[in-house]
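Here is the structure we will look at.
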There are 2 protein chains.
Amino acid sequence: MSVVSFAPRQSVEQVEEGNELAPKFDAQGLIPVVTTDFNSGEVLMHAYMNEEAFTETIKLGEAVYWSRSRKCLWHKGATSGLVQIIREIRIDDDQDCVWIRVDVQGGASCHVGYRSCFYRAVPFGDEIGQPLGFTETEKVFEPEKVYGDAPNPTQL
Amino acid sequence: MSVVSFAPRQSVEQVEEGNELAPKFDAQGLIPVVTTDFNSGEVLMHAYMNEEAFTETIKLGEAVYWSRSRKCLWHKGATSGLVQIIREIRIDDDQDCVWIRVDVQGGASCHVGYRSCFYRAVPFGDEIGQPLGFTETEKVFEPEKVYGDAPNPTQL
């Protein structure tokens with residue numbers, strides 16, 4: 001198998017119009033990642049990868065993130081079984097964001113138990129001032145049963 | 001019309017399970033935003049909003065971002081005509097990311113001229129080492145004609 005390598009970023013034309021993978025990691029060494037369901041197109045989650053996580057994802061064909069709360073590589077599903085199988089990886093124009101399209105084993109991606117992390121809609125326009133609306137009415141799994149006493153990653 | 005207001009973040013339960021909008025802006029005052037096409041589900045772009053941009057988006061029903069390169073509010077389409085009409089706004093579990101579903105006037109969202117900013121696929125698994133593959137073969141518009149001499153926002 002070939003080695004995963006990232007090209008140096010040399011020009012705007014190379015980055016935007018070229019066919020070399022030359023990702024930009026931010027000051028913390030991270031690149032944001034949008035994860036969607038391959039079949040429904042639904043956005044499941046938004047997370048980050050560092051160079052190692054992106055390399056592992058490309059090699060393994062399963063989503064590997066960098067956990068900012070736990071400060072470690074995060075092979076999604078290692079604890080919960082909810083592995084994300086990569087169907088496609090996309091990179092954006094200036095190569096500072098990744099989009100992965102996945103199949104989710106077990107059907108959920110959110111630590112709260114929902115299918116998608118984006119289970120609430122924000123009222124806008126004429127609906128301003130209304131409460132958030134839940135777009136999923138039932139959880140796919142009970143978090144306590146899957147994660148046990150592991151600390152909740154949400155930070156205030 | 002009611003006033004757009006953000007609730008203080010008081011507990012994990014409130015943020016994750018509640019119906020109050022209590023977004024978390026990062027150390028730079030920004031929240032990442034994923035923009036998808038309402039009909040196709042395609043991810044069009046990934047950008048950022050500050051508190052004012054998010055408020056304007058909610059009030060206006062059109063996407064208003066914060067431009068990190070130009071350091072100003074960025075009412076998408078003000079220059080190009082490619083306005084993004086909001087169909088739905090979602091917030092994620094810990095309320096540190098926004099997903100907007102839009103209709104795009106003019107059919108393109110990428111400054112390079114493509115429909116989506118994510119017009120290249122990254123080979124993975126058995127395909128490692130192959131060049132990026134273009135998923136769009138034709139540009140929707142010619143950037144020089146739309147943006148003229150405006151500086152390219154891509155930074156190396």
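Each chain gets a letter, A, B and so on, in the order the sequences are listed, and its residues count up from 1.
- Note: A:C117 leads A:C117, A:G129, A:G41, A:P131 in heavy-atom pairs under 4.5 Å with chain B.
- If you measure heavy-atom distances from B:Q130 to chain A, you find no contacts under 4.5 Å at all.
- Only the side chain of B:V34 has a heavy atom closer than 4.5 Å to any heavy atom of chain A.
- Between chain B and the residues A:V43, A:V112, A:V12, the most heavy-atom pairs under 4.5 angstrom are made by A:V43.
- Put simply, the side chain of B:I91 reaches to within 4.5 Å of the side chain of A:L132, judged on heavy atoms.
- Summarising the geometry, atom OH belonging to B:Y119 is positioned 5.5 Å from atom CD belonging to A:E16; distances are rounded to the nearest 0.5 Å.
- Note: A:I31 CD1 to B:H46 NE2 = 9.5 Å, rounded to the nearest 0.5 Å.
- Atoms CZ and CD1, on B:F118 and A:I89 in that order, are 13.0 Å from each other to the nearest 0.5 Å.
- By the rule that hydrophobic residues join a cluster once side-chain heavy atoms approach within less than 4.5 Å of another member, A:L21 and A:M49 end up as members of one cluster.
- B:E127 does not touch chain A: none of its heavy atoms, backbone or side chain, sits under 4.5 Å away.
- Linking ILVMFWY residues whenever their side-chain heavy atoms come closer than 4.5 Å, directly or via other members, places A:I58 and A:W74 in the same cluster.
- Under the 4.5 Å side-chain heavy-atom criterion for ILVMFWY residues, no single connected hydrophobic cluster contains both A:V122 and B:I85.
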Derivation of the side chain to side chain contact (heavy atoms under 4.5 Å, CB included) call for A:V15 and B:L156: CA-CA 8 Å; A:V15 167; B:L156 292 179; 3.8 Å; yes
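- Using a 4.5 Å cut-off between heavy atoms, B:I86 touches chain A through backbone and side chain atoms alike.
- Heavy-atom pairs under 4.5 Å with chain A peak, among B:E20, B:Q14, B:Q10, at B:E20.
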Verdict with reasoning, B:E17 to A:K139, per salt bridge (Lys or Arg N to Asp or Glu O under 4.0 Å): CA-CA 11 Å; B:E17 307 272 5; A:K139 295 187 180 183; 2.8 Å; yes
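- Within the 4.5 angstrom heavy-atom criterion, atoms from both the backbone and the side chain of B:E88 approach chain A.
- With hydrogens and angles disregarded, no donor-acceptor distance shorter than 3.5 Å links the side chain of B:K59 to the backbone of A:I128.
- If you take CZ on B:R90 and OG1 on A:T135, they are separated by 3.5 Å, rounding to the nearest 0.5 Å.
- Per-residue counts of heavy-atom pairs under 4.5 Å with chain B were compared for A:G18, A:S5, A:P153; the largest is that of A:G18.
- Transitive grouping of hydrophobic side chains (ILVMFWY, heavy atoms separated by less than 4.5 Å) brings A:F6 and B:F124 into a common cluster.
- Taking chain B as the reference chain and counting heavy-atom pairs below 4.5 Å, the highest number among A:A121, A:G133, A:S116, A:G61 is found for A:A121.
- No part of B:S40 comes within reach of chain A, as not one of its non-hydrogen atoms sits under 4.5 angstrom from that chain.
- Using a 4.5 Å heavy-atom cut-off against chain A, the contacting residues of residues 92-106 of chain B are B:D92, B:D93, B:D94, B:Q95, B:D96, B:C97, B:V98, B:W99.
- In the hydrophobic clustering of ILVMFWY residues, with side-chain heavy atoms under 4.5 Å counting as a link, A:W66 and A:V64 come out together.
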